[in-house]
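Down below is the structure, laid out as structure tokens.
Start at 1 with the first residue, then count along the sequence. Since this is a predicted model, take the numbers as computed values, not measurements.
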Amino acid sequence: MMRRIPRIAVLMAVLTAMVGVQTAQAEVPITNDSDATSSTVRVLNNYRSAVRVFLEDAEGNIHLLGRVARRGLQTFEIPENLVQEGGYVEIKAYPVGLLSGVLISDGPNPGVKTSTIALVPGRIIDFWLEHDLASSTVSIG
């Protein structure tokens with residue numbers, strides 16, 4: 001029988017991992033934001049199933065960033081050519097389900113998206129998906 005991991009335990013594990021990452025980054029030479037040529041999206045998925053994360057550029061082109069497992073944390077690099085072009089994007093996440101080994105969409109339009117975000121080199125976008133997708137949040141650094 002499987003036990004459910006309390007939400008606080010998952011949050012503590014994520015925070016512990018982030019502290020370890022910050023400690024490791026402290027040993028890396030510091031670069032100016034002006035030296036950065038890419039931007040990243042970090043997705044913490046508290047939704048009940050895995051999600052696929054997409055980026056939609058200003059022209060309406062869709063770029064698949066990747067998949068984040070249920071209760072997973074994943075970091076994606078935004079394609080460098082999009083960052084260099086500048087402009088604006090929206091980050092979108094759509095849940096996926098598993099039915100007899102086939103991935104299916106979780107309803108007619110079950111996803112969630114951010115507001116429009118300006119792309120600049122060195123930008124970090126944190127997208128926190130909640131059990132109720134409408135309660136998801138985004139922070140931009």
Side-chain angles (χ1 to χ4, degrees), residues 2-141:
M2 291 181 53
R3 289 180 16 156
R4 293 190 63 172
I5 298 173
R7 190 176 204 164
I8 191 74
V10 172
L11 182 58
M12 291 302 294
V14 169
L15 291 174
T16 302
M18 291 173 73
V19 169
V21 169
Q22 290 175 348
T23 302
Q25 288 177 345
E27 299 170 6
V28 176
I30 298 174
T31 59
N32 295 330
D33 285 342
S34 61
D35 294 340
T37 59
S38 64
S39 293
T40 57
V41 176
R42 295 185 296 204
V43 179
L44 176 64
N45 182 14
N46 290 315
Y47 187 65
R48 60 186 163 94
S49 71
V51 296
R52 284 197 181 98
V53 181
F54 299 88
L55 180 125
E56 182 176 351
D57 64 27
E59 286 79 36
N61 298 316
I62 304 293
H63 307 268
L64 174 64
L65 294 178
R67 182 178 166 151
V68 183
R70 177 177 165 235
R71 294 190 178 135
L73 174 64
Q74 187 73 28
T75 301
F76 303 104
E77 291 292 321
I78 295 176
E80 192 171 320
N81 63 321
L82 292 176
V83 176
Q84 295 305 317
E85 292 172 7
Y88 297 88
V89 297
E90 291 178 353
I91 311 295
K92 299 180 177 190
Y94 293 96
V96 293
L98 192 60
L99 177 64
S100 302
V102 178
L103 291 174
I104 58 169
S105 176
D106 194 14
N109 190 11
V112 63
K113 67 178 182 174
T114 66
S115 56
T116 303
I117 300 169
L119 279 184
V120 295
R123 175 148 284 169
I124 298 173
I125 303 164
D126 290 319
F127 197 14
W128 293 65
L129 304 176
E130 298 298 335
H131 184 71
D132 171 21
L133 285 177
S135 300
S136 299
T137 59
V138 66
S139 67
I140 302 167

Holding to side chain to side chain donor-acceptor pair (under 3.5 Å), I want the full list of residues that pass it with E77, two or more places apart in sequence or in another chain. S38
For residues 110-119, tabulate all N or O donor-acceptor pairs below 3.5 Å that involve a side-chain atom, not counting sequence neighbours.
unit_1, atom_1, unit_2, atom_2, d
T114, OG1, I91, N, 3.0

Heavy atoms of V43 and V53 approach each other most closely as CG2-CG2, 4.1 Å
N45 side chain vs S49 backbone, donor-acceptor pair below 3.5 Å: yes
I'd like to know whether L44 forms a side chain to side chain contact (heavy atoms under 4.5 Å, CB included) with R71, so could you lay out the CA-CA distance, the side-chain angles of the two residues, the decisive distance to 0.1 Å, and finally the verdict. CA-CA 7 Å; L44 176 64; R71 294 190 178 135; over 6 Å; no
Can you list the residues that meet the salt bridge (Lys or Arg N to Asp or Glu O under 4.0 Å) rule with E80, with sequence neighbours excluded? none
Mind checking what makes side chain to side chain donor-acceptor pair (under 3.5 Å) contact with N61, not counting sequence neighbours? D57
Partners meeting side chain to side chain contact (heavy atoms under 4.5 Å, CB included) with T137 (sequence neighbours left out): W128
Checking S135 now: which residues fulfil side chain to side chain donor-acceptor pair (under 3.5 Å) with it, not counting sequence neighbours? D132
How close do H131 and R48 get, counting heavy atoms only, and between which atoms? CE1-CB, 3.7 Å
Among I125, T75, I124, which residue satisfies the side-chain contact (heavy atoms from CB on, under 4.5 Å) criterion with V41? I125
Shortest non-hydrogen separation from L129 to S136 and the atoms involved: CA-OG, 3.3 Å
Taken in chain and number order and not counting sequence neighbours, the residues that satisfy side chain to side chain donor-acceptor pair (under 3.5 Å) with E56 are K92
S39: what forms a side chain to side chain contact (heavy atoms under 4.5 Å, CB included) with it, not counting sequence neighbours? I78, V83, R123
Worked check of side chain to side chain contact (heavy atoms under 4.5 Å, CB included) between F76 and L55: CA-CA 11 Å; F76 303 104; L55 180 125; over 6 Å; no
Could you pull out the closest heavy-atom pair between E130 and Y47, with the gap in Å? O-CD1, 3.7 Å
Rounded to the nearest 0.5 Å, what's the gap from CD on E90 to CD1 on I62? Could you check? 9.0 Å
Which pair of non-hydrogen atoms, one from F127 and one from A93, has the smallest distance, and what is that distance? CE2-CB, 4.1 Å
